[in-house]
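Worksheet: the structure to be examined is printed underneath.
Quantities reported herein were computed from a predicted structural model and do not represent experimental measurements. Residue numbers count from 1 along this sequence.
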Amino acid sequence: MAKAKRKTNPEEFRAKLVTAAALVALLLIAAYALLGPTGILAWAEYRQAINERSQELAKLEKERDALRNRQRLLDRDNVDPDLAGELMRKELNVVAPDEIVIPLKDNE
């Protein structure tokens with residue numbers, strides 16, 4: 001027996017076309033949710049960036065605390081004598097009369 005050719009109904013074809021278009025749209029949305037800039041795969045990169053920034057923040061906070069302490073020691077009303085002497089020797093190149101200067105070689 002020979003197969004009979006079946007005529008395609010335009011309404012049936014249109015329904016299949018709409019179904020295929022909807023499926024393609026859903027696949028594109030799923031791909032964007034997985035691969036997009038805020039997708040699931042980008043979360044690992046964001047997590048790594050947050051860890052790096054947290055480490056940098058901790059380092060900067062430690063540095064800030066050291067600077068605050070130095071500022072406190074240099075307070076105009078209550079200067080730390082050791083720090084003042086160290087800064088005078090370093091910045092002004094002065095020594096007390098009872099001190100001996102030992103020059104060090106530069107490691108240049």
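More than 12 heavy atoms of other residues, nucleotides or ligands lie within 6.0 Å of CD in Glu52, so this atom counts as buried by the packing criterion. Other residues, nucleotides and ligands place no more than 12 heavy atoms under 6.0 Å from the CZ atom of Arg47. The number of heavy-atom neighbours closer than 6.0 Å to CD of Glu99, taken from other residues, nucleotides and ligands shown, is above 12. Within 6.0 Å of atom CD in Glu61, more than 12 heavy atoms from other residues, nucleotides or ligands are found, so the atom counts as buried in its surroundings.
Minimum heavy-atom separation, Val79 to Leu74: CG2-O, 4.2 Å. Nearest heavy atoms, Pro37 versus Tyr46: O-OH, 2.6 Å. Of all the heavy atoms in Ala42 and Gly36, the pair that sits closest is CB-O, 4.0 Å. The nearest pair of heavy atoms linking Trp43 to Thr38 is NE1-O, 3.8 Å.
Within the 3.5 Å criterion, the main-chain N or O of Gly85 finds a donor-acceptor partner in the side chain of Arg89.
For the atom pair CD of Gln71 and CZ of Arg64, the computed distance is 12.0 Å after rounding to the nearest 0.5 Å. Arg72 contributes atom CZ, which lies 13.0 Å from atom CG of Leu67 (distance to the nearest 0.5 angstrom).
Using a 4.5 Å cut-off between side-chain heavy atoms of Ile, Leu, Val, Met, Phe, Trp and Tyr, with links allowed through other members, Leu26 and Leu28 fall into different hydrophobic clusters.
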Salt bridge (Lys or Arg N to Asp or Glu O under 4.0 Å) between Lys16 and Glu12, worked out: CA-CA 6 Å; Lys16 287 182 180 180; Glu12 186 179 320; 3.6 Å; yes
Test log, rule side-chain contact (heavy atoms from CB on, under 4.5 Å), inputs Leu87 and Leu83: CA-CA 6 Å; Leu87 286 175; Leu83 184 58; 4.2 Å; yes
Derivation and outcome, side-chain contact (heavy atoms from CB on, under 4.5 Å), residues Leu60 and Glu56: CA-CA 6 Å; Leu60 290 173; Glu56 183 180 354; 4.1 Å; yes
